[in-house]
Amino acid sequence: MNEMIYHENELQPSIEAYWTRRASSYTDVIKKNLADGWEDIWANELISYFPKGEACSRMKILDIGTGPGFYSIILSKRGYQMTAIDSSEGMLEEAKHNAGELADNIEFLYMDAQKLDFEDNTFDVIVTRNLTWNLPKPAEAYKEWKRVLKPNGILLNFDANWYSYLFDEEKEKEYLQDRLNTVKAGVEDHGAYEEGDMMEDISRCLPMGKVKRPQWDLSVLLECGFKMVSADTSVGERVWNAEEKVNYASTPGFMIVAVK
């Protein structure tokens with residue numbers, strides 16, 4: 001099969017169009033995340049890092065790359081002021097739909113995660129999930145995120161080495177074993193999805209699959225001027241359900257914490 005090569009000026013529009021087409025399918029992901037107590041598990045995990053002593057109603061939180069709205073929904077339910085941004089119009093529409101009555105309490109904005117339209121020192125906390133791997137210019141994004149955080153503001157970035165198997169033969173073997181293990185376990189294979197070949201082509205043109213994470217992220221965040229950075233590489237054991245753990249055994253999730 002011929003691989004598609006995206007030129008730099010085509011990459012971001014192609015990413016946005018791809019996620020808009022896939023937006024509706026991610027409502028199913030939201031439903032699973034909100035079921036069987038996983039909403040509380042995720043919310044408690046995030047809130048455990050939030051600044052102490054500040055009333056939730058006064059904290060301004062930015063959800064970058066909100067996708068179908070999971071973080072904004074669970075934190076809005078708990079009284080936090082949420083602003084949710086995404087560069088996919090389709091994802092924003094899904095997020096609004098998934099939020100239901102909470103949508104009136106969340107500010108939804110179409111925006112590029114790498115170039116934010118906010119003033120300096122605006123937010124107490126930034127949360128983001130499964131986004132940075134998908135950015136053409138992640139280092140620029142980190143600089144922007146630091147800019148809009150208040151002094152002592154906190155960045156919480158949950159991600160994984162998605163698509164690293166495209167650049168590493170050992171990772172490819174492990175990834176293929178994950179696919180077999182989903183069959184053995186009788187769970188949905190998250191690696192078998194519509195337009196999977198297209199996302200692989202896009203990922204080959206992105207930088208993050210080629211670097212060692214989260215080490216790369218921690219180094220760049222320090223270079224950006226964050227005063228404290230750390231990564232929890234076991235967080236997936238706490239926040240992923242059994243189906244996710246089977247699917248992503250070769251791609252463990254991590255939580256990056258950075259303090260401005």
Check your understanding: Side-chain heavy atoms under 4.5 angstrom apart, residues restricted to Ile, Leu, Val, Met, Phe, Trp, Tyr: same cluster for Val187 and Trp38?
Key -> no
Check your understanding: Among Ile154, Leu155, Val148, Asn121, which residue meets the side chain to side chain contact (heavy atoms under 4.5 Å, CB included) test with Lys260?
Key -> Asn121
Exercise for review: Classify the angle between the aromatic ring planes of Tyr248 and Trp240 as parallel (below 30°), tilted (30 to 60°) or perpendicular (above 60°).
Suggested key: tilted
Check your understanding: Would you say Gln177 and Lys173 make side-chain contact, with heavy atoms under 4.5 Å?
Key -> no
Point to revise | Asn105 and Ser76 side chains, donor-acceptor separation under 3.5 Å | key: no
Practice item. Compare every heavy atom of Val229 with every heavy atom of Leu221, then report the nearest pair and how far apart it is. Key: CB-CG1, 3.7 Å
Study note, to complete from the structure: Scanning both residues in full, the closest heavy-atom pair of Trp216 with Ala139 reads CH2-N, 4.0 Å
**Study point:** For Pro138 against Pro207, the heavy-atom pair lying closest together
**Key:** CD-CG, 3.7 Å
Exercise for review: Write down the atom of Ile85, the atom of Leu92, and the distance for their closest heavy-atom approach.
Suggested key: C-CD2, 4.3 Å
Review point. Do Ser234 and Asp232 get their side chains close enough for a donor-acceptor pair, meaning under 3.5 Å?
Key: yes
Point to revise | Exam field: side chain Thr20 to backbone Glu16, donor-acceptor pair closer than 3.5 Å | key: yes
**Study point:** side-chain contact (heavy atoms from CB on, under 4.5 Å) between Leu109 and Phe118, intermediate numbers included
**Key:** CA-CA 11 Å; Leu109 299 170; Phe118 300 112; 3.9 Å; yes
Review point. For Glu188 and Tyr193, does a side-chain donor sit closer than 3.5 Å to a side-chain acceptor?
Key: no
Exercise for review: State whether the side chain of Trp145 and the backbone N or O of Leu116 hold a donor-acceptor pair below 3.5 Å, judged by distance alone.
Suggested key: no
Review point. Is the backbone N or O of Gly67 less than 3.5 Å from a side-chain atom of Asp86, with the two atoms forming a donor-acceptor pair by type?
Key: yes
Exercise for review: Test Thr66 against Met91 for side-chain contact (heavy atoms from CB on, under 4.5 Å), laying out the working first.
Suggested key: CA-CA 8 Å; Thr66 188; Met91 281 294 187; 6.0 Å; no
Practice item. May I ask you to check whether over 12 heavy atoms, not counting those of His97, lie within 6.0 Å of atom NE2? Key: no
Exercise for review: Would you check, one step at a time, whether the test salt bridge (charged side-chain N to carboxylate O under 4.0 Å, His left out) holds for Glu195 with Arg22?
Suggested key: CA-CA 9 Å; Glu195 296 190 281; Arg22 288 202 65 200; over 6 Å; no
Check your understanding: Does the side chain of Met208 reach to within under 4.5 Å of the side chain of Asp217, using non-hydrogen atoms?
Key -> yes
Exercise for review: Would you check if Leu206 and Asn134 make a side-chain contact, meaning some heavy-atom pair closer than 4.5 Å?
Suggested key: yes
**Study point:** Leu46 side chain reached by Tyr80 side chain, heavy atoms, under 4.5 Å
**Key:** no
Revision key, fill the gap. d(Tyr175 OH, Thr251 OG1) to nearest 0.5 Å is 8.5 Å
Review point. Under 3.5 Å, side chain of Lys245 to main-chain N/O of Glu237, donor-acceptor pair present?
Key: yes
Check your understanding: Do Glu94 and Trp19 touch side chain to side chain, with heavy atoms closer than 4.5 Å?
Key -> no
Check your understanding: After noting the C-alpha distance and the side-chain angles of Leu34 and Ile74, does the key distance pass the side-chain contact (heavy atoms from CB on, under 4.5 Å) rule?
Key -> CA-CA 8 Å; Leu34 294 174; Ile74 64 175; 3.8 Å; yes
Exercise for review: Would you tell me whether Gln114 and Asp112 have side-chain atoms, one donor and one acceptor, within less than 3.5 Å of each other?
Suggested key: yes
Review point. Within 45° of the ring axis of Phe123 and under 6.0 Å from its six-membered ring centre, is that where the NZ or CZ of Lys60 lies?
Key: yes
Check your understanding: Where do Tyr110 and Ser88 come nearest, in terms of heavy atoms and distance?
Key -> CE1-N, 4.2 Å
Exercise for review: State, without any angle test, whether Arg213 and Thr132 hold a side-chain donor-acceptor pair at a distance under 3.5 Å.
Suggested key: yes
**Study point:** Rounded distance [0.5 Å steps], CD in Glu174 versus OH in Tyr165
**Key:** 13.5 Å
Review point. Side chain of Trp42, backbone of Tyr71: donor and acceptor closer than 3.5 Å?
Key: no
Point to revise | Glu93 side chain to Gly90 backbone, donor-acceptor under 3.5 Å | key: no
Check your understanding: If we ignore angles and hydrogens, is there a donor and acceptor under 3.5 Å between the side chains of Asn98 and Tyr26?
Key -> no
Exercise for review: Please round to the nearest 0.5 Å and tell me the distance separating atom CG of Asp189 and atom OG1 of Thr182.
Suggested key: 3.5 Å
Practice item. Check whether any side-chain heavy atom of Tyr142 sits under 4.5 Å from a side-chain heavy atom of Glu223, and report yes or no. Key: no
Check your understanding: What is the distance from atom CG of Leu149 to atom CD1 of Ile126, rounded to the nearest 0.5 Å?
Key -> 4.0 Å
**Study point:** Over 12 non-hydrogen atoms of neighbours within 6.0 angstrom of CD in Glu169
**Key:** no
Point to revise | Cluster link Val235 to Val246, ILVMFWY, side chain under 4.5 Å | key: no
Practice item. State, to 0.1 Å, how close Gln81 and Ser57 come at their nearest heavy-atom pair, and which atoms those are. Key: NE2-O, 2.7 Å
Point to revise | Residue pair Lys77, Asp40: steps toward the salt bridge (charged side-chain N to carboxylate O under 4.0 Å, His left out) verdict | key: CA-CA 11 Å; Lys77 277 186 180 181; Asp40 288 335; over 6 Å; no
Exercise for review: Using a 4.5 Å cut-off on heavy atoms from C-beta on, say whether the side chain of Trp133 contacts that of Asn161.
Suggested key: no
**Study point:** Reported CE-to-CG distance for the pair Met82 and Asp63, which is rounded to 0.5 angstrom
**Key:** 5.0 Å
Review point. Does some side-chain heavy atom of Lys137 sit less than 4.5 Å from a side-chain heavy atom of Lys143?
Key: no
Check your understanding: Atom OG of Ser203 and atom CD1 of Ile15: how far apart are they, to the nearest 0.5 Å?
Key -> 8.0 Å
Point to revise | Distance-only donor-acceptor check, side chains Asn157 and Arg129, under 3.5 Å | key: no
Exercise for review: Decide side-chain contact (heavy atoms from CB on, under 4.5 Å) for Glu140 and Lys115; before the verdict, give the C-alpha distance in whole Å, the side-chain angles of both, and the deciding distance to 0.1 Å.
Suggested key: CA-CA 8 Å; Glu140 291 187 15; Lys115 191 175 181 181; over 6 Å; no
